[in-house]
Amino acid sequence: MFHSVPRRPICEISAAGSGPKRKGLLSIFADHCSFVTGQRLRRACQIGELYSNLYSERTRWTLVGNLWRRLQSKHVPSGKLFAALAGVFMWENEKIQDEEIRRCGLELQGLEFVKRLSSHSGTEARHHDPGWEVVVEKKDFRVWKRPIPNSHLYEYRVLGSYSDVTPRQFFNVQLDTEYRKKWDSLVIKLEVVDREVSTGSEVVHWATRFPYPMYSRDYVYVRRYNVDVDNNLMILISRAVQHPRVPETQEFVRVHSYQSKMVIRPHKSFDENGFDYLLTYSDDPQTVFPRYCVSWMVSSGMPDFLEKLHAAALRAKNLEVGIHDYAGVIKSSDTNRQPSQERLSGENPHTGGPGQIYA
């Protein structure tokens, strides 16, 4: 008679069986997984090639964006992972919003009010927001700082004015990446790596030297700038982002926390000498130095940077160099922006790459 042998689960057979038999089962399972993964990758490549043939590049990005938003609404981590794997920078989530631009203008108006009150009363100008303390006070500007909550870092704010430079030149000098390579000796690398047409926003990669013995740092940030004719304001906002075209390298220490906001108000017009400005700045340079050391470096380095910026604007004003006219002139509410190709040239024309400039 034949007796049936009870069947045991595979895991028991593998555990009870000999070594070669156990390895054989694992090998078969691994081969199966590799085959399935390979088939899926080939299918994805075929679909991608099909869409490349059927649709334009802009349409493809739209499809990817829609898929990413659908994934994000259901599974946020999965959506971000998909965007990272696809090498896509999601402008919809990372761009600087209109509300941030509006708040910048209000911050300058608040400080201007305090400045007027102090000038009439003859008292020291105090910051209208609590927590700020004066760290530098000079004829043309005043620097405040306040601690950032839940951090060992400070946020800095500068309120100043110039009477010998036009707002347009001061604004353009900050935005022209090629010109900055000439007047800022600390720059190692500075280039625009991505642009978003509808708002004129850009992603910039900036590498800069830090004081010895610190390593050089690099920043990847999105920036957006606006010229608001109705309110007589020029605004520039920058903040750190991650972009697939600029991965971290061993060459620099990447700064992940960074924000800068500049607001300029002309005394008269954009093309006449004289303006007030408000600069609000914070970053985490990833140093091991104590808090007071970093505070001292920023407090002393900021006036030096502003003086270099002022000198560079004077050179641009005197047409000793040629720079792009970023401010030529578009209202912040104008959604049908057209790139400005105008160049303010001098005796020694600036020879940097023209790029596509948005105002």
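Throughout, residue positions are numbered sequentially from 1 according to the sequence presented.
- Judged as a salt bridge (Lys or Arg N to Asp or Glu O under 4.0 Å), and not counting sequence neighbours, the contacts of Asp184 are Arg180.
- Here Arg217 pairs with nothing under the side-chain hydrogen bond (donor to acceptor under 3.5 Å, both in side chains) rule; sequence neighbours left out.
- For Gln250, there are no side-chain contact (heavy atoms from CB on, under 4.5 Å) partners, not counting sequence neighbours.
- Checking side-chain atoms of Glu307 against main-chain N and O of Asp304 turns up no donor-acceptor pair under 3.5 Å.
- A donor-acceptor pair shorter than 3.5 Å cannot be found between the side chains of Gln169 and Thr166.
- Residues passing the side-chain hydrogen bond (donor to acceptor under 3.5 Å, both in side chains) test with Ser260: none are found, sequence neighbours excluded.
- Looking at Phe305, Phe141, Trp144 one by one, the single match for side chain to side chain contact (heavy atoms under 4.5 Å, CB included) with Val158 turns out to be Phe141.
- Remark: Thr280 engages Glu107, Glu155, Arg157, Lys261, Leu278 in a side-chain contact (heavy atoms from CB on, under 4.5 Å) (not counting sequence neighbours).
- Of the residues listed (Leu190, Val193, Val241), the one engaging Val204 in a side chain to side chain contact (heavy atoms under 4.5 Å, CB included) is Leu190, and it is the only one.
- Considering only residues two or more places apart in sequence or on other chains, Tyr281 meets the ring-ring contact (aromatic ring centres under 6.0 Å, His included) condition with Tyr258.
- For Tyr162 and Tyr277, the ring centers are positioned less than 6.0 Å apart.
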Q.
side chain to side chain contact (heavy atoms under 4.5 Å, CB included) for Thr199 and Trp91? Distances and angles first, verdict last.
A. CA-CA 10 Å; Thr199 62; Trp91 278 104; 5.9 Å; no
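- For Lys189, there are no salt bridge (Lys or Arg N to Asp or Glu O under 4.0 Å) partners two or more places apart in sequence or in a different chain.
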Tell me which donor-acceptor pairs under 3.5 Å the side chains of residues 205-212 have, and how far apart each pair is, sequence neighbours excluded?
residue, atom, partner, partner atom, Å
His205, NE2, Asp218, OD2, 3.0
Thr208, OG1, Leu186, O, 3.4
Arg209, NH1, Ser185, O, 2.9
Arg209, NH1, Val187, O, 3.4

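- Without hydrogens or angle criteria, His243 side chain to Arg245 main chain gives a donor-acceptor distance under 3.5 Å.
- For His256, there are no ring-ring contact (aromatic ring centres under 6.0 Å, His included) partners two or more places apart in sequence or in a different chain.
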Q: For side chain to side chain contact (heavy atoms under 4.5 Å, CB included), just list the numbers for Leu309 and Phe170, CA-CA rounded to whole Å, side-chain angles, deciding distance to a tenth of an Å, and then say yes or no.
A: CA-CA 8 Å; Leu309 180 62; Phe170 192 72; 3.5 Å; yes
Q. Going through the checks in order, is the salt bridge (Lys or Arg N to Asp or Glu O under 4.0 Å) test met by Arg168 and Asp271?
A. CA-CA 6 Å; Arg168 181 192 294 266; Asp271 294 304; 2.4 Å; yes
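- Between the side chain of Asp176 and the backbone N or O of His324, at least one donor-acceptor pair lies under 3.5 Å.
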Q.
Is there a side chain to side chain contact (heavy atoms under 4.5 Å, CB included) between Arg239 and Ile96? Walk through the geometry before answering.
A. CA-CA 9 Å; Arg239 69 159 174 263; Ile96 294 164; 3.7 Å; yes
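- With sequence neighbours excluded, no residue forms a side-chain hydrogen bond (donor to acceptor under 3.5 Å, both in side chains) with Lys95.
- Applying the salt bridge (Lys or Arg N to Asp or Glu O under 4.0 Å) test to Glu191 and every residue at least two apart in sequence or in another chain returns nothing.
- In this structure Lys308 satisfies the side-chain hydrogen bond (donor to acceptor under 3.5 Å, both in side chains) test with no other residue, sequence neighbours excluded.
- Each of Tyr219, Tyr156, Tyr221 was checked for a side-chain hydrogen bond (donor to acceptor under 3.5 Å, both in side chains) with Asp283, and the lone residue meeting it is Tyr219.
- Side chain of Asn172 to main chain of Tyr326: a donor-acceptor pair is present (N/O by atom type, distance under 3.5 Å, no hydrogens or angles).
- Applying the side chain to side chain contact (heavy atoms under 4.5 Å, CB included) test between Ser282 and each of Gln259, Lys145, Arg146 identifies Gln259 as the sole match.
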